[in-house]
Amino acid sequence: MKTNIWIFLCVLFFCGCSDFLEESSQDEIRPATVDDMEQLLIGEVYMTDWDHEKFSEGYTRLLTDDIQCYGISDEQYRSQLEGGRYAFSWAREMFDERGGGIDEFLWAQPYERIKGCNVVIEYLDKVTGDNKKRENLRGEAYVMRGYYYFMLVNFFGMPYNYGDPAKNPGVPLKLDMGVRDEYLSRNSVAEVYASVEKDLLKGISLLEANPIERNFNRAGYCMGKAVLSRMYLYMEDWDNALKYADEIIQERPALRNLLQCDLHAFPVYDGVYQRTSPEEIIWARPTPRANQTWSYRTPYGLSEELLDCMTKEFTTESLKVDSTYVYFVPDWPSFGGYWDYEYENKDQGDLRQLAFLKSSYIYENGVYTMFLDVIEKDGLEANRGIRTAEVYLNRAEAYIHKYMETGQDDFRRKALEDLNYLRRHRFTSPYVLVEESETYKHFDFMSADDLFEFYKEERRRELCEEGHHRWFDLRRYGMPRIEHIYFARPGETQRFVLEEKSSWYCLPIPEIIREANPKLEPNL
């Protein structure tokens with residue numbers, strides 16, 4: 001059973017319409033059982049494969065210091081260069097028609113799925129069926145609603161740790177399936193966070209009390225706890241961030257040892273998001289089906305700053321200073337027509353490996369490469385989500401801040417234990433403990449500030465190209481000044497600057513959304 005597609009979201013939520021579950025038509029089926037509601041949940045609470053891919057890895061990368069402009073080598077790529085300019089320059093019209101098109105996706109898509117969550121939460125009491133399954137589904141919907149609102153408030157509101165979150169505008173909260181002929185204004189950042197916390201705690205409680213085994217494509221209580229851990233980290237509530245990270249790690253301590261992959265095989269099937277290696281997947285959604293390998297010259301690529309952060313530990317056979325970060329493997333074999341771009345710095349390793357190990361897109365020296373070699377079995381395929389690796393990082397950060405606050409060396413030691421445990425699964429053998437590494441001898445790991453700086457580098461490396469982490473982290477790390485250089489070819493450059501603590505660290509609410517709801521205060 002699949003309900004009809006719901007129409008434009010902001011009209012549904014903010015302008016009013018009839019409740020679609022109270023209407024009927026020849027091509028519409030009203031849910032009558034818990035099993036019907038499960039099918040509705042799968043279809044309306046979760047994004048489609050393509051939408052999830054777009055939602056989880058698009059948009060914010062061009063806003064960060066992880067990406068730089070490399071110009072164009074051929075006029076056929078000018079449209080890509082110009083299309084990315086609006087986000088790359090932090091233009092306020094990036095989602096509007098005058099900014100290259102109308103794109104309300106990051107606002108409308110989560111709200112469309114929140115509408116599905118609201119329907120499931122309320123309508124479950126109107127259907128027949130097993131009560132355990134009913135409450136399990138209700139818990140799943142609460143967790144997903146909390147997740148969507150958490151993402152929305154971090155796209156469109158100021159960081160929780162900036163100014164007064166009780167006064168800073170967040171996003172409108174719509175927490176029931178009822179329809180009213182009124183427009184909703186923006187709730188504060190603090191109000192949205194409080195709602196997220198309430199939803200996640202309620203959902204986790206229901207899921208733990210009514211356990212049903214699911215695969216990692218569905219949200220479970222561990223996924224809810226992982227989002228809670230991240231949320232408390234953003235709130236600088238170190239004790240609660242530790243609490244939920246601890247609970248997950250006690251239950252799911254394993255990380256994928258990437259050295260078990262045949263790193264020179266073609267293709268590599270068993271990276272951190274692959275069905276064959278689910279050790280560290282807490283939650284991940286499907287990826288569009290594809291079996292292809294191709295590459296082309298792109299105007300935007302990984303920044304030299306990120307490459308320096310990634311490749312400084314590279315070792316050669318003649319000089320083994322430290323271990324090699326396994327995402328970047330040197331001397332990748334050639335595969336004929338698949339690759340025709342010559343590296344200028346081959347000794348820095350092959351960044352295409354990251355594409356395999358994360359089943360992702362990767363940029364390097366202006367080259368955009370896609371590797372999607374998907375294995376599917378029992379509906380399990382994944383591309384983006386939440387991993388235990390992030391939870392170890394969350395816990396390490398909380399420990400570091402506890403060390404800053406108390407000076408107790410036990411917190412410093414525990415943070416280093418988590419970082420070394422993660423790195424041991426990412427580097428070639430023999431692994432050198434970070435505090436003993438020649439590479440990091442410029443860090444004083446007894447210094448809380450130095451330890452925190454190293455931690456931020458490690459988080460940047462591990463979570464690059466995933467789930468908006470870099471943009472969200474830059475926001476909560478003080479919203480630093482970022483400079484982007486834009487050009488088609490050398491000599492035609494434009495310089496764009498995102499100033500420190502700029503209000504532009506909030507994404508602009510699309511004009512089409514604000515026109516539909518005049519009560520929405522714009523981000524300026």
Side-chain angles (χ1 to χ4, degrees), residues 52-67 87 106 110 147-148 150-162 196 223 225-236 241 244-245 248 255-256 271-273 280-285 302-303 305-307 309-310 325 327 351 354-355 357-363 382-398 400-401 418-419 422-423 426 452-480 482 498 505-507:
H52 182 261
E53 182 175 35
K54 184 178 179 182
F55 178 77
S56 62
E57 57 178 73
Y59 298 104
T60 65
R61 62 157 56 91
L62 285 174
L63 307 172
T64 74
D65 53 358
D66 279 354
I67 297 296
L106 282 185
Y147 167 74
Y148 289 131
F150 179 72
M151 299 299 285
L152 277 166
V153 76
N154 280 284
F155 287 139
F156 298 102
M158 293 301 282
Y160 189 91
N161 63 352
Y162 176 79
V196 171
M223 185 269 201
K225 291 180 179 181
V227 179
L228 267 182
S229 176
R230 189 192 301 180
M231 183 198 76
Y232 287 128
L233 205 70
Y234 288 14
M235 296 174 70
E236 300 184 350
Y244 288 100
I248 296 169
L255 291 173
R256 174 62 171 157
V272 291
Y273 275 114
E280 66 180 80
I281 300 176
I282 294 174
W283 175 72
R285 291 299 297 162
L302 291 182
S303 67
E305 179 185 338
L306 177 60
L307 293 178
C309 175
M310 283 288 195
Y325 204 81
Y327 282 147
L351 297 180
L354 179 60
L357 296 175
K358 291 191 175 183
S359 297
S360 175
Y361 304 106
I362 190 64
Y363 301 78
N383 171 263
R384 281 288 181 271
I386 299 173
R387 298 186 286 123
T388 311
E390 181 203 338
V391 179
Y392 276 102
L393 288 165
N394 293 350
R395 190 168 74 170
E397 183 172 342
I400 292 168
H401 283 286
D418 279 346
L419 292 172
L422 171 61
R423 288 160 58 85
R426 300 293 184 258
F452 187 44
E453 287 305 310
F454 171 76
Y455 161 82
K456 288 191 288 186
E457 283 192 9
E458 192 62 33
R459 186 177 180 92
R460 185 181 186 182
R461 284 189 285 263
E462 178 64 32
L463 300 179
C464 73
E465 295 290 286
E466 288 189 66
H468 309 284
H469 282 290
R470 184 58 181 169
W471 179 242
F472 291 170
D473 287 343
L474 286 170
R475 284 163 39 89
R476 66 191 183 90
Y477 289 155
M479 298 183 286
I482 304 175
L498 180 63
Y505 265 98
C506 291
L507 296 183

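Just so you know, residue 1 is the first one in the sequence shown, and it goes up from there. Predicted model, so just to flag it, every value in this text is computed and none were measured.
- The backbone N or O of L393 lies less than 3.5 Å from a partner atom in the side chain of Y455, making a donor-acceptor pair.
- Rounded to the nearest 0.5 Å, atoms CD1 (I67) and CD1 (I482) are 11.5 Å apart.
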request  = For side chain to side chain contact (heavy atoms under 4.5 Å, CB included), just list the numbers for W471 and R61, CA-CA rounded to whole Å, side-chain angles, deciding distance to a tenth of an Å, and then say yes or no.
outcome  = CA-CA 7 Å; W471 179 242; R61 62 157 56 91; over 6 Å; no
request  = Go through the steps for Y59 and F155 under the test side chain to side chain contact (heavy atoms under 4.5 Å, CB included), then give the verdict.
outcome  = CA-CA 10 Å; Y59 298 104; F155 287 139; over 6 Å; no
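- Taking CG of L419 as the start and CD of E458 as the end, the distance is 6.5 Å to the nearest 0.5 Å.
- The shortest non-hydrogen separation linking L63 to A87 is CD2-O, 3.1 Å.
- In terms of the ring pair (Phe, Tyr, Trp, His ring centres under 6.0 Å) criterion, Y148 has no residue partners (sequence neighbours excluded).
- Within the model, atoms CD1 of I248 and CE of M223 stand 10.5 Å from one another, a figure rounded to the nearest 0.5 Å.
- Contact check for P159 versus M479: side-chain heavy atoms found under the 4.5 Å cut-off.
- Using a 4.5 Å heavy-atom cutoff, the side chains of R470 and D65 are in contact.
- Contacts of T388 classified as side-chain contact (heavy atoms from CB on, under 4.5 Å), with partners at least two apart in sequence or in another chain: R252, L255, E280, I282, Y392.
- Y160 places none of its side-chain heavy atoms less than 4.5 Å from the side chain of V153.
- With respect to the salt-bridge test (charged N to carboxylate O, under 4.0 angstrom), the residues D473 and R460 do not qualify.
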inquiry  = For a side chain to side chain contact (heavy atoms under 4.5 Å, CB included) check, start with the C-alpha distance between H401 and E236, then their side-chain angles and the critical distance, and finish with the verdict.
reply    = CA-CA 9 Å; H401 283 286; E236 300 184 350; 5.9 Å; no
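- Without hydrogens or angle criteria, N161 side chain to R476 main chain gives a donor-acceptor distance under 3.5 Å.
- The ring of Y234 has its center closer than 6.0 angstrom to the ring center of F150.
- With sequence neighbours left out, the side-chain hydrogen bond (donor to acceptor under 3.5 Å, both in side chains) criterion links R395 to D246, D418.
- Here the CG-NZ distance, from L474 to K456, works out to 9.5 Å after rounding to the nearest 0.5 Å.
- One finds no salt bridge joining E390 and R387 here, because no Lys/Arg side-chain nitrogen approaches an Asp/Glu carboxylate oxygen to under 4.0 Å.
- Between the OG1 atom in T60 and the CG atom in L106 there is a gap of 8.0 Å [rounded to 0.5 Å].
- Between the NE2 atom in H469 and the CG atom in D66 there is a gap of 12.5 Å [rounded to 0.5 Å].
- Ring geometry, Y232 versus Y244: the interplanar angle falls under 30°, so the pair is classed parallel (tilted spans 30 to 60°).
- For R475 (side chain) and N154 (main-chain N/O), a donor-acceptor pair under 3.5 Å exists by modelled atom type.
- The two residues A226 and N394 have their closest heavy-atom pair at O-ND2, 4.5 Å.
- Taking both residues in full, the closest heavy atoms of G467 and M151 are given as O-CE, 4.4 Å, listed atom of the first, atom of the second, then distance.
- Side-chain N or O atoms of H468 include one that pairs as donor or acceptor with a backbone N or O of F55 at under 3.5 Å.
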